[in-house]
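A short worksheet on the structure shown next.
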Amino acid sequence: MRLIFFTYLLLSSAIYADYFNHPDSKKIIQELVEIHGFKKSYVEEVFKNATKQQKIIDSISKPAEFTWTWERYKKLFIEDKRIKNGKKFIKQNIDTLRRAEKEFGVPKEIIVSILGVETRYGKIMGSYRVIDSLTTLGLDYPRRSAFFKDELIKFFLLTRENNLDIYSIKGSYAGAMGYGQFISSSYRAYAVDFDGDDDIDLFNSVDDAIGSIANYLKVHGWKKNGKIVTKSSPNNVREVYKPHDSLSKFIPLSFNEGGEENYFIGDDNFVAITKYNRSHFYAMAIYYLAEEFKK
Ligand SMILES: [Ca+2]
């Protein structure tokens with residue numbers, strides 16, 4: 001009796017040590033093999049190697065954008081070191097940034113602000129293996145499993161297309177990669193080669209990262225010389241707020257600072273930034289940091 005129980009424990013831990021034997025894996029493996037033409041032995045090997053990480057589930061369950069106050073969030077991103085390093089980054093990459101401004105219509109300060117908020121200009125690109133993130137969230141995070149299963153498939157495609165080693169690519173807990181933290185579907189759809197070496201490399205090429213962020217914003221509605229936010233008042237903000245008017249492009253915003261509500265109206269380019277990260281805090285932080293670079 002004791003022996004049987006012990007054996008059972010050993011077996012069950014062996015079963016869930018990797019993603020090959022997860023009940024939902026079979027269908028994804030089948031799709032990768034039959035629809036996308038991957039070798040079965042390769043895909044199975046990758047799933048055997050993929051590891052569930054509870055920390056990933058914990059992190060996605062409480063993102064800073066939705067649990068922090070605006071003041072705490074702002075303080076994290078609008079600070080001296082990030083401002084100083086951003087100004088330095090602009091100087092070092094001025095030619096590429098000017099080229100991106102010209103081609104995509106996105107100001108250099110906005111591109112660099114996104115790089116600063118996402119990865120401190122490429123310094124922190126994430127420490128989770130993307131294969132672990134996407135299997136963990138695709139197979140063990142039911143609330144968003146459809147989304148992450150799709151990203152997992154796109155990650156396989158991305159690594160094949162760009163000749164990347166699927167085991168060694170690292171990123172955020174949500175599988176965002178490189179300088180600008182692109183998820184697999186965005187990498188495949190919006191990343192561009194901007195240094196002309198015929199390779200789209202968001203891990204090592206600063207130029208590709210700059211061009212890709214600018215292209216992403218342009219595709220998602222960035223208007224050259226358009227507005228991001230305008231200062232407003234409580235009455236104006238209420239007027240703009242028409243919950244049933246889906247055609248209204250303006251977003252009413254209020255941010256509490258020092259116990260005081262500050263009102264803004266988000267314009268086209270605010271909306272474009274929220275396509276990068278849907279949080280209003282995020283888009284506002286990008287705007288503020290970009291303004292700091294101009295000082
Ligand atoms: Ca390139």
Side-chain angles (χ1 to χ4, degrees), residues 36-38 42 46 82 85-131 133-134 150-222 224 269 272-273 275-277 282 286 289-290 293:
H36 300 293
F38 285 93
Y42 167 71
V46 175
R82 209 182 297 258
N85 288 338
K87 287 180 174 175
K88 203 166 116 193
F89 185 95
I90 291 176
K91 263 191 203 140
Q92 284 166 344
N93 297 282
I94 191 67
D95 293 343
T96 309
L97 287 163
R98 288 221 173 102
R99 197 154 52 85
E101 278 186 343
K102 217 174 143 193
E103 191 167 332
F104 304 103
V106 182
K108 57 185 179 302
E109 291 85 4
I110 290 292
I111 300 170
V112 176
S113 180
I114 287 179
L115 283 165
V117 167
E118 293 291 344
T119 61
R120 286 192 176 274
Y121 318 103
K123 215 182 274 168
I124 305 160
M125 297 194 204
S127 56
Y128 294 100
R129 290 199 319 165
V130 172
I131 190 64
S133 298
L134 297 180
D150 190 53
E151 286 300 318
L152 176 60
I153 295 207
K154 303 242 162 82
F155 182 56
F156 268 88
L157 296 170
L158 173 72
T159 53
R160 181 169 67 185
E161 289 157 359
N162 290 35
N163 208 16
L164 301 166
D165 173 23
I166 200 163
Y167 298 111
S168 61
I169 301 291
K170 288 187 176 167
S172 74
Y173 62 77
M177 297 169 276
Y179 275 90
Q181 298 285 280
F182 276 43
I183 54 172
S184 300
S185 56
S186 297
Y187 200 130
R188 294 184 70 229
Y190 310 115
V192 295
D193 170 32
F194 208 53
D195 61 10
D197 70 351
D198 255 351
D199 186 30
I200 304 175
D201 183 354
L202 302 185
F203 300 96
N204 303 294
S205 168
V206 179
D207 289 14
D208 287 3
I210 289 169
S212 297
I213 290 170
N215 182 51
Y216 187 99
L217 289 175
K218 189 189 174 184
V219 172
H220 289 91
W222 185 275
K224 190 177 180 175
N269 290 346
I273 299 170
K275 306 293 180 192
Y276 207 96
N277 178 324
Y282 176 87
I286 296 296
L289 186 59
F293 297 152

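Just so it is clear, the structure is predicted and the values come from calculations on it, not from any experiment. In this chain, residues are counted from 1 in sequence order. Whatever order the structure lists them in is the order used to number ligands and atoms, beginning at 1.
Screening residues 192-213 for side chain to side chain donor-acceptor pair (under 3.5 Å), with sequence neighbours left out, gives Thr96-Asp207, Asp195-Ser205, Asp201-Asn204, Ser205-Asp208. Applying the side chain to side chain donor-acceptor pair (under 3.5 Å) test to every pair with at least one member in residues 97-112, sequence neighbours left out, gives no pairs at all. Identified under the salt bridge (charged side-chain N to carboxylate O under 4.0 Å, His left out) test for residues 152-163, with sequence neighbours left out: Asp150-Lys154, Glu161-Arg188.
For the Ca ion (ligand 1), the nearby protein N/O/S atoms, meaning those under 3.0 Å, are Asp193 OD1, Asp195 OD1, Asp197 OD1, Asp199 O, Asp208 OD1, Asp208 OD2.
Between Tyr276 and Ile286, the closest side-chain pair of non-hydrogen atoms is not below 4.5 Å. By the 4.5 Å heavy-atom criterion applied to side chains, Met177 and Leu202 are not counted as neighbours.
Taking the ring centroids of Phe182 and Tyr190, they lie at or beyond the 6.0 Å cut-off.
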